[in-house]
Number of protein chains: 2
Amino acid sequence: MSPEHNPARHDRESVARTALALLDEVGLADLSMRRIAGRLDVQPSALYWHFSSKQELLADLADRITAIIHGTGAGVLTTARSIRDALFAHRDGAELVLSTYALRLGASPAQSALARALENEGATDVEQRAVAILHFILGHATLVQQRMHADSHGALLGGDENDVTAGLDRVFDLGVTALTGAISAAATPPRDRA
Amino acid sequence: MSPEHNPARHDRESVARTALALLDEVGLADLSMRRIAGRLDVQPSALYWHFSSKQELLADLADRITAIIHGTGAGVLTTARSIRDALFAHRDGAELVLSTYALRLGASPAQSALARALENEGATDVEQRAVAILHFILGHATLVQQRMHADSHGALLGGDENDVTAGLDRVFDLGVTALTGAISAAATPPRDRA
DNA sequence: ACCTGAACACCGTTCAAGT
DNA sequence: ACCTGAACACCGTTCAAGT
């Protein structure tokens with residue numbers, strides 16, 4: 001009988017962390033406020049002390065997912081891959097970030113990192129290309145991630161059987177490289193990587 | 001008192017058409033089976049005679065939205081714009097198609113039209129570029145359309161005020177052109193269009 | 001062939017009240 | 001500062017039964 005032993009007492013951080021863990025378990029479609037509350041041993045209404053709406057909670061999760069993106073002096077392709085992999089790191093991460101990013105006007109760490117990388121490589125139209133690459137990454141990653149989930153859960157509806165997602169890595173690299181544009185030939189020399 | 005005058009008798013077609021009209025009025029988030037049923041003067045359960053699930057109904061709507069895409073001998077940029085505009089033609093059209101298209105493995109009319117246009121222009125890696133351009137269009141259109149809706153409904157959260165969506169048309173053209181790749185110079189000569 | 005009526009197992013959100 | 005309890009206005013889906 002210590003002075004306080006009421007077990008369920010949370011803050012913004014613990015709610016968000018629990019929600020993110022639950023997202024990986026059940027997916028975005030089944031991530032309800034009531035389920036999150038249940039996992040925290042709390043009534044659903046308790047969540048509204050920490051977040052004013054579900055949308056605000058989801059936006060917070062999207063920020064956490066994209067917070068990993070580091071603007072090191074890496075190349076455009078490496079930066080693009082790290083953004084994609086940050087989205088892939090959580091179930092339905094791409095869809096979550098896509099559906100939340102319309103409100104973030106150019107202020108995302110992803111877009112800044114891409115713009116810096118483009119500048120390092122001597123690209124033209126840096127800002128516009130950064131936006132284009134970000135839109136490509138979000139569209140591509142959302143489709144690929146949805147397909148991955150559909151594949152693992154059984155029913156396919158389309159044609160060929162086995163390696164449907166095989167060429168998608170090449171599509172990603174081709175897309176990012178094309179959107180980067182002609183390199184000014186004075187920038188970082190291309191290193192072949194098998 | 002004609003022999004039949006029971007007013008509510010529908011088929012797949014009339015249900016889908018009503019649902020598509022309702023989508024334009026209320027948006028994807030508020031497009032519920034119960035609301036569609038209400039518009040048809042029918043109980044919600046009646047919809048399940050025509051469609052086995054809401055997901056199947058939404059997939060049908062996505063097909064209708066993209067059915068407009070015509071594989072005429074137009075250029076890649078023109079084809080890409082017509083796909084984008086087909087998505088823009090209905091409220092939340094891009095989001096709907098994006099969330100439904102992961103299951104259509106390369107069988108979409110949009111992808112076929114892009115592949116034909118790329119071939120006409122003498123591009124390399126036709127299939128991969130068609131997929132990349134389609135992913136770019138879907139990501140871009142989804143983000144732009146969400147922003148358009150958010151702008152019209154008031155609250156912005158980001159920086160500058162007025163022409164935030166101004167450069168996005170240029171981003172689209174730059175993106176599609178870059179993804180098309182270097183033209184083989186023997187194909188259709190570029191016509192300047194003001 | 002197409003629909004009703006009733007039920008089941010859920011949702012997000014608000015708000016007074018508790019501690 | 002953080003949570004409960006109860007309510008409000010909704011969801012998608014199933015299924016026996018009607019016509």
Side-chain angles (χ1 to χ4, degrees), chain A residues 1-20 22-23 25-62 92 95-96 99-100 103 150 153-155, chain B residues 1-20 22-23 25-62 92 95-96 99-100 103 150 153-155:
Chain A
M1 282 103 178
S2 46
E4 74 280 292
H5 71 326
N6 199 332
R9 215 123 198 121
H10 304 285
D11 55 6
R12 259 192 157 246
E13 174 77 16
S14 65
V15 171
R17 284 160 69 102
T18 300
L20 196 52
L22 197 53
L23 172 68
E25 289 180 39
V26 303
L28 188 55
D30 291 330
L31 187 71
S32 67
M33 295 297 267
R34 297 175 113 100
R35 238 193 231 252
I36 297 165
R39 179 62 57 98
L40 289 162
D41 274 312
V42 133
Q43 296 293 327
S45 51
L47 300 180
Y48 290 84
W49 200 90
H50 304 288
F51 295 92
S52 69
S53 68
K54 186 183 185 183
Q55 179 54 43
E56 194 185 289
L57 209 190
L58 293 180
D60 193 280
L61 299 189
D92 296 328
E95 188 185 344
L96 210 198
S99 71
T100 262
L103 287 322
H153 257 60
Chain B
M1 284 107 179
S2 46
E4 73 280 291
H5 70 326
N6 199 332
R9 215 121 197 124
H10 304 284
D11 55 6
R12 259 191 157 245
E13 174 77 15
S14 65
V15 171
R17 284 160 68 103
T18 300
L20 196 53
L22 197 53
L23 173 68
E25 289 180 39
V26 304
L28 187 57
D30 290 330
L31 186 73
S32 67
M33 295 298 266
R34 298 175 112 100
R35 238 193 231 252
I36 296 165
R39 178 62 56 101
L40 289 163
D41 274 313
V42 135
Q43 296 294 327
S45 51
L47 300 181
Y48 290 83
W49 200 92
H50 304 288
F51 295 92
S52 69
S53 68
K54 184 183 186 184
Q55 179 54 43
E56 194 184 289
L57 209 190
L58 293 180
D60 193 279
L61 299 189
D92 297 327
E95 188 185 344
L96 210 198
S99 70
T100 262
L103 288 321
H153 256 59

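Protein chains get the first letters and strands the later ones, always in sequence-line order, with residue 1 at the start of each.
- Between D:dC3 and A:Gln43, no contact under 4.0 Å exists linking OP1 or OP2 to a side-chain N or O.
- Ranking D:dC2, C:dC11, D:dC11 by closeness to the A:Trp49 side chain, first place goes to D:dC2.
- At most 12 heavy atoms of other shown residues, nucleotides or ligands fall within 6.0 angstrom of atom CZ in A:Arg17.
- One interatomic measurement links the two molecules: OH of B:Tyr48 to C1' of D:dT13, which rounds to 5 Å at whole-angstrom precision.
- At the heavy-atom level, A:Ser45 lies under 4.0 Å from base atoms of the strands shown.
- A donor-acceptor pair under 3.5 Å links the side-chain atoms of B:Arg35 to the main chain of B:Asp30, judged by distance alone.
- The distance between atom CD of A:Glu13 and atom C1' of D:dC2, rounded to the nearest whole Å, is 17 Å.
- We find that CZ of B:Phe51 is positioned 12 Å from P of C:dC3, with the value rounded to whole Å.
- Regarding contacts with the backbone of C:dC3, a side-chain N or O of B:His50 is found under 4.0 angstrom from either OP1 or OP2.
- Rounded to whole angstrom, the span from the CG atom of B:Leu40 across to the P atom of C:dT4 amounts to 10 Å.
- Note: CE (B:Met33) to C1' (C:dT4) measures 16 Å, nearest angstrom.
- Atom CG of A:Leu58 sits about 8.0 Å away from atom OG of A:Ser53, to the nearest 0.5 Å.
- Nucleotide C:dA9 has no partner under the Watson-Crick or G-U criteria, as no pair reaches both atom distances under 3.5 Å.
- Distance check on atom P: D:dC10 versus C:dA9 gives 22 Å, rounded to whole Å.
- In this structure, the nucleotide among C:dA1, C:dG12, D:dT4 sitting nearest to the side chain of B:Arg9 is C:dA1.
- Note: CG (A:Leu47) to P (D:dC3) measures 9 Å, nearest angstrom.
- Nucleotide D:dC2 holds its P atom 12 Å from the CZ atom of A:Arg12, rounded to whole Å.
- With C:dG12, D:dT4, C:dT4 as the candidates, the nucleotide lying closest to the side chain of A:Val42 is D:dT4.
- Remark: side-chain polar atoms of B:Asp92 are not paired, donor with acceptor, to backbone N or O of B:Gly27 under 3.5 angstrom.
- Checking D:dT13, C:dC11, D:dC3 against every side-chain atom of B:Ser53, the shortest atom distance belongs to D:dT13.
- Here D:dC3 is the nucleotide among D:dC3, D:dC11, C:dG12 with the atom lying nearest to any side-chain atom of A:His10.
- Mapped onto DNA chain C by nearest heavy atom, A:Lys54 and B:Pro44 fall at different nucleotides, with B:Pro44 at the one closer to the 5' end.
- Look at D:dA16: its Watson-Crick or wobble partner, with both distances under 3.5 angstrom, is C:dT4.
- Here, C:dC2 and D:dA17 have their P atoms 22 Å apart, quoted to the whole Å.
- Looking at every heavy atom in both residues, A:Thr18 comes nearest to A:Leu40 through OG1-CD2, 3.3 Å.
- Between the side chain of A:Ser32 and the base of C:dG12 there is no donor-acceptor pair of N/O atoms closer than 3.5 Å.
- Side-chain atoms of A:Tyr48 and A:Met33, non-hydrogen and from C-beta on, do get closer than 4.5 Å to each other.
- Nucleotide D:dC11 holds its P atom 15 Å from the CZ atom of A:Arg34, rounded to whole Å.
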